[in-house]
Every structure is written in structure tokens, then in C-alpha cells.
Enquirer: 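First the structure, which I've put down as C-alpha cells, then a few questions once you've had a look.
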Amino acid sequence: MADDEDEGLGLIPELYKPPALLPIAQLKDALLYTIETYPVTIIVGETGSGKTTQIPQFLLKAGWTSDGSVIAVTQPRRIAATSVAARVAEEIGCQLGQEVGYSIRFEDVTSAKTQIKFLTDGLLLREMLVDPLLKRYSVVMVDEAHERSLSSDILLSLLKKIMRKRPELRVVVSSATIEAEKFLEFFAPEEEEATNKQAKSDFGHIISIEGRMHPVEIQYLAEPVSDYVERAVQTVLDIHTTEEKGDILLFLTGREEIEDAIDMITDRIPDLGPGYQTLQPLPLYAGLSTDQQMYVFQPAAENTRKVIVSTNIAEASVTIDGIGYVIDCGFVKLRNYDPGLGIERLSVCPVSRASATQRAGRAGRTRPGKCFRLYTESAYSTLPETTFPEIQRSNLAPVILQLTNLGIQNVVRFDYLSRPPSQLVIRAIDTLYSLGAVDDQARLTKPLGARMADLPLEPMLAKALLNAPNFGCLPEMLTIAAMMTLQGTTFVSHDGNKKQEDKAKRRFAVEEGDHITLYNVYEAFVSQGKKDAQWCREHSLNFKALVKAMSVRKQLKNQLERLGIAETVSIPAAHVSRVGPMSMTERVRRCLTTGFFAHAARMKPDGTFQTPSGSATLYVHPSSIFFHRKADWVIYHEIMETKNKIYIRDLTTIEMDWLVEYAPEYYRVRQR
DNA sequence: AGTGTATAT
């Protein structure tokens with residue numbers, strides 16, 4: 001890990017500071033005592049406190065794995081699980097995968113010797129399907145719980161349930177913010193459960209660890225602004241001309257704003273006049289290809305100041321060294337699910353104070369920094385304290401299916417950390433009922449519901465895939481299901497060449513729609529472009545995404561085989577007479593309809609779509625082949641509202657009659 | 001008519 005900026009030994013002193021000097025080392029005894037004494041320990045520690053790397057090692061040395069148990073540490077992101085595991089393995093002096101390992105989807109780097117295991121919280125949830133009480137673990141540490149992701153919230157609820165049956169289990173919840181009290185209160189036993197011997201306060205404890213952050217000076221605007229992109233650009237140039245060295249990190253809400261801001265900065269650089277360093281604006285958002293993202297991590301050239309213009313990705317998911325200045329526009333794009341309409345909405349919302357703090361902290365990682373907030377101090381005080389938990393603004397159908405499969409009897413009265421609005425839960429149950437995954441008492445159906453829950457797919461897609469053998473199109477549907485999980489990342493425009501991307505897309509396009517078009521892409525990739533990044537480049541395809549599709553397809557295939565559904569299975573006798581002579585594309589289209597009947601629409605002469613009830617106008621997403629072509633009835637994979645327009649993505653043509661044939665109950669009411 | 005914050009199984 002050479003660093004160009006470092007002279008001499010090439011070592012960065014802070015990185016090599018022995019763990020014993022971390023603030024957390026002083027708390028070691030108190031920590032171990034607390035974990036020994038109380039079932040629940042809440043750790044409040046800022047970035048740099050060493051909590052993630054040190055606590056598992058303390059527990060290991062204190063004997064928490066001496067009976068053969070494992071210490072689990074969950075992370076919200078795959079990258080964190082792998083990198084932290086590598087770091088701890090190095091500190092302990094073992095090979096990764098031996099005493100210290102990690103497990104993420106498609107990668108299990110653990111062995112029989114593994115005592116500390118880092119994994120994503122989503123994967124630990126999956127493990128509960130085979131080990132409901134998580135018996136192999138003596139301690140489960142849930143890291144970054146303050147982010148309130150859907151899976152860490154659910155995980156905490158289930159851990160609380162498990163603890164009643166396993167009093168010896170220890171739960172450590174680690175959080176960077178002030179939510180500690182809420183977490184502790186959540187784990188406290190109900191009044192009637194608390195015996196005299198065990199009062200509420202005996203149940204858990206909060207421990208705070210000081211971080212090693214440098215101070216960040218915060219500046220607010222005196223007056224609010226209406227155009228924060230313009231103001232952000234001005235601030236960038238002001239910092240560049242008046243402040244000392246240090247890169248700039250500018251938070252905006254999305255790709256369009258980022259590109260606008262970069263154009264504006266580039267346009268104004270000549271006006272600065274001579275005598276200043278070079279200013280190098282760089283975009284950062286998840287939609288960029290990996291090589292385009294790499295630029296932001298490279299140290300700037302001599303006499304150059306980087307300006308990284310980023311979405312929320314730089315708030316927690318990605319860390320860039322050398323940032324001295326942060327500019328925070330005060331907004332973020334958040335996904336919201338509208339249970340009434342059954343659509344997701346991507347809307348620009350004010351950030352929470354917790355987010356604003358996290359953004360500011362990005363300036364103080366290596367030295368004292370400054371943060372410029374493009375809003376007034378009084379506006380700051382009116383911001384919500386924390387971001388609305390994901391569980392209160394998501395489509396809950398997948399979660400409810402999973403909880404039901406884990407044996408949760410009543411998903412409405414389930415012990416949520418933050419209760420989702422009942423509308424969300426009701427809508428989820430309705431969806432699952434219409435798909436046949438639960439019965440009219442909201443109980444899991446067998447085998448259909450249980451099988452759907454076993455698959456790592458959204459319920460509608462799981463239903464369609466499980467129906468594939470009935471249409472004799474299992475190999476095709478496996479591919480389509482795998483391609484759907486790429487969520488629109490199949491095509492990329494290399495070097496920003498949009499026209500070339502459109503042209504490449506047309507090459508694979510078929511009149512039946514996007515699903516079969518993506519099937520063609522996958523087939524071409526496997527036969528011609530597999531392990532050939534250059535072929536992908538020529539066809540504007542995302543190599544990494546297609547490799548992932550291959551992994552997903554293989555995983556789905558294995559999972560179905562375990563359910564007794566083999567890829568080569570022939571059409572069941574009862575169906576042969578009906579689907580035997582059909583073309584493969586018709587089988588696939590019918591099969592998709594059995595899962596996505598609720599996502600039906602019909603094209604109007606002007607090229608927009610209408611819902612079956614005619615209540616809303618839907619726009620074809622420009623990534624669809626029907627952006628340029630005509631269609632009649634279609635089903636679509638996804639629906640989302642942005643900028644007051646509802647877009648549908650991944651469309652396939654169907655016959656209206658199929659809706660009634662495959663979903664008679666769902667469409668009966670509207671037919672009359 | 002012209003597009004998607006981020007993450008996970």
C-alpha cells in the first residue's frame with residue numbers, strides 16, 4: 001500500500017498506531033465486565049474509536065469462543081465485512097478464513113477454526129432460516145445500527161426474541177450517534193416480564209468510547225438560498241481562493257446536479273485568474289462504472305486540489321482520504337414507498353442532523369477541517385434528529401414474507417424497533433395474498449409461500465420463477481430472474497458515450513420486450529463475452545454486473561434443485577397439452593404474467609401507459625425498448641416516481657386475457 | 001417523451 005505523498009519509510013503513522021493506544025483499550029475491562037454482566041451492551045463510539053476491530057478481539061481473548069462458539073459481527077455493507085475481517089486477521093496474525101473470517105453472499109471465507117466471523121446483516125438473517133436461535137454464536141455484535149437499515153432493524157427485533165430463549169447470548173449494538181437510549185430501551189424487558197431480581201436497569205448498559213476525530217469548524221449561511229447548486233459552486237471557488245490546501249467534498253443529491261455543478265465549476269475556472277492551484281472536479285455516484293469511481297481515490301497531482309462532487313455514497317459507504325473541506329447542500333434523495341398506490345417514489349428531502357454531522361465529520365478524518373452548510377443555523381435546528389428508518393418507508397412485502405417464514409405469527413404486532421405504518425404492513429400482506437404466498441389468515445402457504453421465502457428474490461419474481469417448470473421455461477426464467485437482480489445496471493455508457501449505448505441496446509432488442517432482450521444479452525455474454533471485458537466494452541455492457549448475474553443464476557439454480565426443481569425438468573403432464581406447442585417467448589411472457597399481473601399497463605396512442613383502472617399515466621423509462629416502440633398490454637418489473645412522473649421499467653408484452661387467466665381473483669372486481 | 005440516492009439475500 002504505497003502512498004505517493006509519503007516520503008521516507010512510506011508509513012502513515014496513524015494507520016500503524018498499535019491497537020493498545022486506541023481510546024477503546026482503556027475501556028477494555030469495563031467493556032468485558034459489562035458484556036459479561038448484561039445481556040445487552042450498547043456501544044456509542046464515533047469513527048476511529050476502534051470498536052469494530054477491537055471488541056471482537058477482546059471477546060476472543062476473554063474466552064467467549066472457548067466452548068467452540070463463534071463471535072458474529074454484522075455490517076450493513078459487503079465491503080465493510082471483508083475489509084474489517086482482513087484487518088482483524090492481520091492484527092491477530094492469522095490467515096484470513098482461519099480464526100478470523102468473513103461471509104458475504106457468494107463468498108464464504110470461513111473454516112471450522114473460525115472464531116470471529118464478519119458478515120452482512122442480511123446474510124445473518126438468512127442464516128436464521130437454518131439456525132433460528134443462532135446457536136453457533138455466543139456473541140452477536142450489530143455494527144452501524146444507527147443507520148437503521150431494513151435488515152439491521154429486523155435483526156435487532158429477532159435477536160431480542162432469541163434472547164428470551166437463550167439468556168446466555170450476548171448482544172452488542174454499536175451505534176455512532178445519540179440513538180443509544182432508544183436501542184437500550186428497546187431491549188428492556190416488558191414490565192410484566194421484569195422480575196424483582198432483574199430490574200430494567202440490570203438488563204443492559206451503554207458504554208461510550210471517544211473517537212479520534214479532529215475538530216471540524218462548522219459555518220452556516222446567514223440567509224437561506226434558493227439555488228443550492230449555484231451556491232455550492234461559489235463556495236467551492238471561495239474555498240479554493242481563500243483557504244489553505246486540502247481537498248473539497250461537496251454533497252449534492254443526484255447525478256444530474258453533480259454533472260451540472262461540475263460543468264459550472266469547469267466553466268468558471270478560467271475566471272479565477274493566475275496564481276492559484278489547479279482545481280480538479282470529479283463526480284462520484286453509485287451509477288458510475290468502477291473505473292470512473294477510482295479517480296476520486298487517487299491522490300491529486302502536484303499543485304492540484306480535488307473537488308469531489310458526490311451523492312450520499314460518500315457519507316458512509318465510501319471514505320476518501322485528504323478531505324479538508326466539506327460542503328453540505330442539506331438535502332438527500334430518499335426512496336419512499338406509497339402503500340396506497342403501490343409505487344416507490346424517489347424524492348429530495350432535507351437531511352437529518354445525524355446525517356449532517358456525519359457529512360461534516362468527513363472533513364476531520366486526518367486533520368482539523370471545515371464544513372460549510374448551505375443552510376442557516378435555525379434551519380439546522382428544525383431538521384429531524386435522525387433519518388426516517390427504512391422500515392417505515394419501504395415496500396415491506398419481502399420482509400413480511402421472510403418474517404412469516406421464520407414463524408412470526410403476527411407480523412402486525414411484531415416487536416419492531418420503529419413500528420412501520422400499518423398501511424405498509426397491510427399492503428404487503430395484500431400483495432403476498434394475491435400471489436398466494438399467504439392465506440386469508442396471513443399464514444404462510446406451503447409449499448408456495450415457503451419456497452418463495454427461500455429464494456433471494458422479490459415475491460413477484462420468486463412467484464414467476466417457481467411457475468417456470470409449468471411453462472417449460474425454467475432455464476430461461478432463471479436467466480431472466482438473475483438479470484432482473486441487476487436493477488438496470490446491465491448497460492453502461494463507457495466514456496459517457498450515450499449514443500453508443502443506445503445502439504448496443506438495439507442490437508439485443510426483441511419486440512417481446514425488455515425481459516427477453518436481457519435474456520439475449522446474458523446468452524451472448526455467456527457464449528461470447530464471458531471473462532472478456534473488452535467484448536463488454538464494445539457492446540456497452542457492464543462486465544461486473546454480468547458476472548454477478550452468472551453467480552445469481554447459479555445460486556438460484558442450486559436453491560431450486562434443493563427444492564426438487566431441476567433446470568432440465570420437463571413440463572408436467574397436466575400442462576403439456578396447453579403449453580406444448582407454444583413458442584418459448586410466449587411461455588416466458590405467460591410465466592412472467594403469473595408473478596407480475598398486478599403490474600399490468602396498456603399503451604395509449606401517445607406512447608404513455610395507463611393502469612388497468614385508468615387512474616394514472618405511466619411513462620416508459622427511457623431504458624426500455626418501448627421508449628421507441630409501440631405496444632398494447634404489458635407487464636412491468638418496477639414502477640417509480642421521480643420528478644412528478646411515474647416511470648415503469650423492464651416491460652414485456654402480454655395479452656389482456658392472460659391477466660384474467662392467471663389472476664382471476666385479482667382482476668374479477670375490476671372486470672365487472 | 002429522455003432516466004436511478006444507497007444497500008442486501
Side-chain angles (χ1 to χ4, degrees), chain A residues 74-81 103-107 119-129 144 147-155 251-259 284-288 310-318 329 331-336 344-349 351 355 387 390 393-394 398-399 401-402 405 452-458 461-462 481-482 485-489 491-493 498-499 501-502 548 551-552 555-556 559 603-604 606-609 617-624 626-629 638-643 645-650:
Chain A
T74 73
Q75 295 293 327
R77 285 168 287 278
R78 293 161 55 96
I79 180 88
S103 192
I104 58 178
R105 188 183 189 183
F106 305 127
E107 266 180 81
L119 72 174
T120 52
D121 30 40
L123 195 64
L124 189 61
L125 279 179
R126 282 277 152 189
E127 279 191 7
M128 282 187 190
L129 288 178
E144 316 285 5
E147 288 186 19
R148 304 298 308 275
S149 75
L150 199 45
S151 40
S152 81
D153 264 24
I154 293 291
L155 185 58
F251 283 103
L252 293 176
T253 68
R255 179 186 175 153
E256 201 180 354
E257 280 179 10
I258 289 170
E259 281 168 358
L284 178 63
Y285 48 88
L288 285 176
S310 171
T311 60
N312 232 23
I313 191 170
E315 191 178 301
S317 307
V318 151
C329 76
F331 291 92
V332 63
K333 247 181 213 174
L334 287 179
R335 209 187 259 254
N336 274 290
E344 300 198 287
R345 200 167 280 142
L346 200 57
S347 40
V348 175
C349 308
V351 292
S355 260
T387 307
E390 216 176 359
R393 51 186 172 86
S394 299
V399 172
L401 179 60
Q402 209 175 353
N405 192 35
M452 283 169 63
D454 274 341
L455 294 170
L457 297 173
E458 334 136 56
L461 193 53
T485 66
L486 302 184
Q487 302 174 107
T489 58
F491 287 95
V492 282
S493 58
K498 207 71 208 143
K499 285 214 172 104
E501 185 191 331
D502 283 348
K548 186 189 163 195
S551 302
V552 174
Q555 187 191 30
L556 294 173
Q559 240 154 330
M603 195 185 262
K604 293 185 286 186
D606 67 358
T608 64
F609 280 84
T617 297
L618 314 177
Y619 291 83
V620 190
H621 192 275
S623 65
S624 169
F626 293 112
F627 191 69
H628 296 296
R629 296 179 193 226
E638 205 176 37
I639 180 162
M640 181 178 276
E641 182 181 321
T642 46
K643 293 179 192 155
K645 264 186 172 181
I646 306 171
Y647 289 96
I648 51 178
R649 289 178 67 108
D650 294 326

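A, B, ... follow the sequence lines: proteins, then strands. Residue 1 opens every chain. It should be emphasised that the depicted structure is a prediction, and the values quoted were computed from it without experimental measurement.
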Enquirer: Of the nucleotides B/dT5, B/dG2, B/dA8, which one has an atom closest to the side chain of A/Pro622?
Expert: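 For A/Pro622, the side-chain atoms sit closest to B/dG2.
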Enquirer: Which part of the nucleic acid does A/Glu344 contact within heavy-atom distance under 4.0 Å: base, sugar-phosphate only, or nothing?
Expert: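 It contacts nothing in the nucleic acid.
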Enquirer: Between A/Leu123 (CG) and B/dT9 (C1'), how many Å, whole number?
Expert: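 Nearest whole value for this atom pair: 7 Å.
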Enquirer: Let's see if you can work this out: which of B/dA8, B/dA6, B/dG2 has an atom nearest to the side-chain heavy atoms of A/His628?
Expert: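 The nucleotide sitting nearest to the side chain is B/dG2.
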Enquirer: Of all residues at least two apart in sequence or in a different chain, which pass the side-chain contact (heavy atoms from CB on, under 4.5 Å) check with A/Ser152?
Expert: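 side-chain contact (heavy atoms from CB on, under 4.5 Å) check on A/Ser152 returns A/Asp121, A/Val142, A/Ser149.
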Enquirer: Of A/Glu458 and A/Met603, whose nearest nucleotide on DNA chain B comes first from the 5' end?
Expert: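 Here A/Met603 is the residue nearer the 5' end.
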Enquirer: Have a look at A/Glu315 and say if it touches a base, only the backbone sugar-phosphate, or nothing, with a 4.0 Å heavy-atom cut-off.
Expert: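 Touches nothing.
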Enquirer: Picking from B/dA8, B/dT3, B/dA6, which would you name as closest to the side chain of A/Thr642?
Expert: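 Selected nucleotide: B/dT3.
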Enquirer: What is the nucleic acid contact for A/Glu390, judged by heavy atoms within less than 4.0 Å: base, sugar-phosphate only, or nothing?
Expert: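 Base, at least one base heavy atom under 4.0 Å.
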Enquirer: Please state whether the phosphate of B/dG2, meaning OP1 or OP2, lies under 4.0 angstrom from any side-chain nitrogen or oxygen of A/Lys645.
Expert: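 Yes, because at least one side-chain N or O of A/Lys645 sits under 4.0 Å from OP1 or OP2 of B/dG2.
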Enquirer: Would you give the length of the straight line joining atom CD1 of A/Ile646 to atom CD1 of A/Ile639, rounded to the nearest 0.5 angstrom?
Expert: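 One finds 5.5 Å between CD1 of A/Ile646 and CD1 of A/Ile639.
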Enquirer: Look up atom OG1 in A/Thr387 and atom CD in A/Glu315, then write down how far apart they are to the nearest 0.5 Å.
Expert: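 That separation rounds to 7.0 Å.
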Enquirer: Counting heavy atoms from C-beta on, name the nucleotide in B/dA8, B/dT9, B/dA6 closest to the side chain of A/Arg105.
Expert: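 Per side-chain heavy atoms of A/Arg105, the pick is B/dT9.
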Enquirer: Using only side-chain N and O atoms of A/Ser149, determine if any of them is under 4.0 Å from OP1 or OP2 of B/dA6.
Expert: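 It does not, given that no N or O in the side chain of A/Ser149 lies less than 4.0 Å from OP1 or OP2 of B/dA6.
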Enquirer: Does A/His621 or A/Arg126 map to a spot on DNA chain B nearer the 5' end, using the closest nucleotide for each?
Expert: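 Looking at the nearest nucleotide for each, A/His621 comes out on the 5' side.
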Enquirer: Once side-chain contact (heavy atoms from CB on, under 4.5 Å) is applied, do any residues pair with A/Pro456, and if so which ones, sequence neighbours excluded?
Expert: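 Partners of A/Pro456 under the side-chain contact (heavy atoms from CB on, under 4.5 Å) test: A/Arg105, A/Gln555, A/Leu556, A/Gln559.
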Enquirer: Take atom CD of A/Glu147 and atom C1' of B/dA6, then tell me their distance rounded to the nearest Å.
Expert: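 Interatomic distance, CD of A/Glu147 to C1' of B/dA6: 10 Å.
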Enquirer: Tell me the interatomic distance from A/Glu257, atom CD, to B/dT3, atom P, rounded to whole angstroms.
Expert: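 My rounded result for the distance is 14 Å.
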Enquirer: Of the candidate nucleotides B/dT9, B/dG2, B/dT7, which contains the atom at the shortest distance from the side chain of A/Asp502?
Expert: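 Out of B/dT9, B/dG2, B/dT7, the nucleotide with an atom closest to A/Asp502's side chain is B/dG2.
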Enquirer: May I have the distance from A/Lys643 (atom NZ) to B/dA1 (atom P), rounded to whole angstrom?
Expert: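 That distance rounds to 17 Å.
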Enquirer: Do A/Arg78 side-chain atoms and A/Ser103 backbone N/O form a donor-acceptor pair below 3.5 Å?
Expert: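 No; zero donor-acceptor contacts below 3.5 Å.
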Enquirer: Please state whether the base of B/dT7 and the side chain of A/Arg77 form at least one donor-acceptor pair under 3.5 Å?
Expert: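 Flag unset: no donor-acceptor pair detected.
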Enquirer: Using atom NZ of A/Lys333 as one end and atom P of B/dT3 as the other, report the distance to the nearest whole Å.
Expert: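 Going from NZ in A/Lys333 over to P in B/dT3 covers 10 Å.
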Enquirer: Compare the minimum distances between each of B/dT9, B/dT7, B/dT3 and the side chain of A/Tyr647, then state the nucleotide with the smallest one.
Expert: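 Nearest nucleotide to the side chain: B/dT3.
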Enquirer: Using the side-chain heavy atoms of A/Leu346, tell me which of these nucleotides is nearest: B/dA6, B/dA8, B/dT5.
Expert: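 Among B/dA6, B/dA8, B/dT5, the one nearest the side chain of A/Leu346 is B/dT5.
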Enquirer: Less than 4.0 angstrom between a side-chain N/O of A/Arg335 and OP1 or OP2 of B/dT7, yes or no?
Expert: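 A/Arg335 to B/dT7 OP1/OP2: no side-chain N or O under 4.0 Å.
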Enquirer: Please work out if A/Ser623 contacts a base, only the sugar-phosphate, or nothing of the nucleic acid, heavy-atom cut-off 4.0 Å.
Expert: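 The residue A/Ser623 makes no contact with any strand.
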Enquirer: Checking contacts here: which listed nucleotide (B/dA8, B/dT7, B/dG2) is nearest the side-chain heavy atoms of A/Thr120?
Expert: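 The listed nucleotide nearest to A/Thr120's side chain is B/dA8.
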Enquirer: Take the protein atom CZ of A/Arg629 and the nucleotide atom P of B/dG2, then report the distance between them rounded to whole Å.
Expert: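 So the two atoms are 20 Å apart, to the nearest Å.
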Enquirer: Once you apply a heavy-atom cut-off of 4.0 Å, does A/Phe627 come out as touching a base, just sugar-phosphate, or nothing?
Expert: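 Base: the residue A/Phe627, judged by heavy atoms under 4.0 Å, touches a nucleobase.
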Enquirer: Separation of A/Glu144 atom CD from B/dA8 atom P, in whole Å?
Expert: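 Rounding to the nearest Å, CD of A/Glu144 and P of B/dA8 are 13 Å apart.
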Enquirer: For A/Lys643 and A/Glu256, what are the C-alpha separation, side-chain angles and deciding distance, and is it a salt bridge (charged side-chain N to carboxylate O under 4.0 Å, His left out)?
Expert: CA-CA 12 Å; A/Lys643 293 179 192 155; A/Glu256 201 180 354; 2.4 Å; yes
Enquirer: What is the distance, to the nearest angstrom, from the CG atom on A/Leu150 to the P atom on B/dT5?
Expert: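 For the pair A/Leu150 CG and B/dT5 P, the rounded distance is 20 Å.
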Enquirer: Parallel, tilted or perpendicular, judged at 30° and 60°: which one describes the rings of A/Tyr647 and A/Tyr619?
Expert: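 Rings of A/Tyr647 and A/Tyr619: tilted, 30 to 60°.
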